[in-house]
Amino acid sequence: MNLKGRNFLKLLDYTPEEITYLIDLAEDLKNKKKQGISHDSLKGKNIVLIFEKTSTRTRCSFEVAAHDLGMHVTYLDPSASQIGKKESIADTARVLGRMFDGIEYRGYGQEIVEELAQCAGIPVWNGLTNEFHPTQMLADMLTIREHKGRLAGLKFVYMGDARYNMGNSLMVTCAKLGMRFVACTSPKYFPDEKLVDECRTIAAQTGASILLTEDVETAVKDADVIYTDVWVSMGEPGEIWEERLRDLMPYQVNESVMTRAREDAIFMHCLPAFHDLKTGIGRSVYEKFGYKELEVTDKVFESAQSVVFDEAENRMHTIKAVMLATLG
Ligand code: CP
Ligand code: NVA
C-alpha cells in the first residue's frame with residue numbers, strides 16, 4: 001500500500017482497503033510505542049499545524065506524533081497568522097508548501113481545506129471542518145476494533161446532531177467498512193440527503209447499511225456501539241442552545257439507552273463532552289436552562305462501558321499513521 005504524497009481530507013477519498021491499512025499501521029505504531037521501540041523515520045521533516053478553531057486532542061496528537069516520528073512542528077493558533085484576513089488560502093498554501101513537508105488544517109468549510117490541498121503541493125491533513133473529521137474516524141475505528149475484535153457487521157448507533165462533522169464522517173466510515181450505521185435523531189438533524197445517497201451506494205458494495213430514524217427503541221436495540229457528540233459545535237452561535245436542547249434532549253445517551261443496547265455495547269464520544277457541571281459552557285447552560293448533563297449523562301460517561309479515553313489516546317496513534325503513510 002503506497003499512500004505517499006496523498007492528502008487526508010475526508011474518508012470518501014479513501015478505499016476500504018486504504019482505511020484498513022491506516023488502522024493496521026496505527027495499531028503497529030501503538031505497539032511499538034508501548035514497547036519503547038523508536039520509530040523516528042521522518043527525522044528532519046517539518047510540519048505546520050493551522051488551527052482556526054480551538055483543540056486539545058487533535059493538536060496534542062499531531063505534536064506528540066510528529067515528535068515521535070522525529071519531526072519539527074510549527075503551530076499557528078486561531079489568531080496568529082495572516083490566513084483569511086490578509087492572505088488568501090491559495091497564497092498561504094503556496095508559501096507553506098515551500099517551507100514544510102505537511103500541513104494540518106482545522107477550520108470552517110471543507111472547501112477551505114480542499115483548496116489548501118490543491119495549492120500546497122505537499123500533503124494536507126484535515127484536522128476538522130464543519131463537514132468532516134477524518135482523523136477522528138481512524139481513532140474511533142481502531143478503538144472499536146480493540147474492544148470488539150472486528151468492524152464489519154457491527155451495529156453502530158449515532159445519537160444527537162447527525163448533520164454535522166461527526167455524524168457525516170461516521171456515516172461515511174461505517175459505509176466504507178461494512179458496518180450497520182444508524183442515525184437516531186429528529187429528522188431536522190439527519191445527515192445531508194446527497195451524502196446519505198452516496199453512502200448508500202457505497203454500502204451496497206461493502207455490505208453496510210444506513211438507517212435514519214427518530215425512534216430510540218428501534219435504533220438502540222442490539223446496538224454494539226452507541227456514539228454521541230456535542231449538540232452545539234464550534235463556530236455555531238450560542239443562541240442556538242435553547243432550540244438544540246429542546247430538539248435533542250430525547251436523544252441524550254443515558255442509562256435507559258445503554259440498557260436497551262447489547263449488554264456488551266460500548267459508549268463512545270469524540271470529546272469534549274458535557275456530562276457534568278465542571279465546564280464553563282456546561283455551567284452556563286445549567287444556569288439558563290436547568291440541565292446538569294447534556295448529550296450524555298455522567299453515569300454513562302463514567303461507566304465501564306465508556307471507552308472515551310481509549311478513543312482519545314488512539315487519536316495520537318492514528319494521526320501518526322496518517323503522517324507516516326503520506327510522508328514516509
Ligand atoms: N475530538 C477532538 O477533535 O478533540 P479536540 O477538539 O480537543 O481536538
Ligand atoms: N462537532 C464537534 C466536534 C468536536 C471534536 C465540533 O465541531 O465542535
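Since this is a predicted model, take the numbers as computed values, not measurements. Sequential numbering from 1 along the given sequence is applied to the chain's residues. One-based numbering, in listed order, for ligands and for the atoms of each.
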Part of L128 within contact of ligand 2 (heavy atoms, under 4.0 Å) | side chain

Note: D68-K320 ion pair, threshold 4.0 Å (strictly below) | yes

Tell me, yes or no, whether the heavy-atom count around I281 atom CD1, taken from other residues, nucleotides or ligands under 6.0 Å, exceeds 12.
-> no

To the nearest 0.1 Å, how far is atom 7 (O) of ligand 2 from its closest protein heavy atom, and which atom is that?
-> N165 ND2, 2.9 Å

Atom 8 (O) of ligand 2: which protein heavy atom is closest, and how many Å away?
-> M234 N, 2.9 Å

Got an N/O contact under 3.5 Å between H133 and ligand 2?
-> no

Under 4.0 Å from any heavy atom of T56, which atoms of ligand 1 are there?
-> 5 (P), 7 (O), 8 (O)

Find all atoms of ligand 1 within a distance of less than 4.0 Å from any non-hydrogen atom belonging to L271, and give their numbers and elements.
-> 1 (N), 2 (C), 4 (O)

Output field: ring centroids F8/Y14 closer than 6.0 Å | yes

Any atoms of ligand 1 less than 4.0 Å from a non-hydrogen atom of H133? List them with their elements.
-> 2 (C), 3 (O)

Backbone or side chain, does any N or O of D229 fall under 3.5 Å from an N or O of ligand 2?
-> yes

Please report the closest heavy-atom contact between G167 and F181, naming both atoms and the distance.
-> O-CZ, 4.0 Å

Atom 4 (O) of ligand 1 has as its nearest protein heavy atom R57 NE, 2.8 Å

Test applied, side-chain hydrogen bond (donor to acceptor under 3.5 Å, both in side chains); reference residue, T143; option that passes from D310, N314, T318 = N314

Looking only at heavy atoms of L271, does any of them come nearer than 4.0 Å to an atom of ligand 2?
-> yes

What about R59: any of its N or O atoms under 3.5 Å from an N or O on ligand 1?
-> no

Cationic tip of R59 within the cone over Y75's six-membered ring, i.e. under 6.0 Å and within 45° of the normal?
-> yes

Would you check whether Y164 has a nitrogen or oxygen atom less than 3.5 angstrom from a nitrogen or oxygen atom of ligand 2?
-> no

Has the side chain of N46 got a donor or acceptor atom that lies under 3.5 Å from a matching backbone atom of D101?
-> no

Take N31 and Q35 through the side chain to side chain donor-acceptor pair (under 3.5 Å) test and state the conclusion after the steps.
-> CA-CA 6 Å; N31 288 336; Q35 289 166 38; 5.2 Å; no

Atom 6 (O) of ligand 1 [closest protein heavy-atom partner, distance rounded to 0.1 Å] = R106 NH1, 2.9 Å

For atom 2 (C) of ligand 1, closest protein heavy-atom neighbour | R315 NH1, 3.2 Å

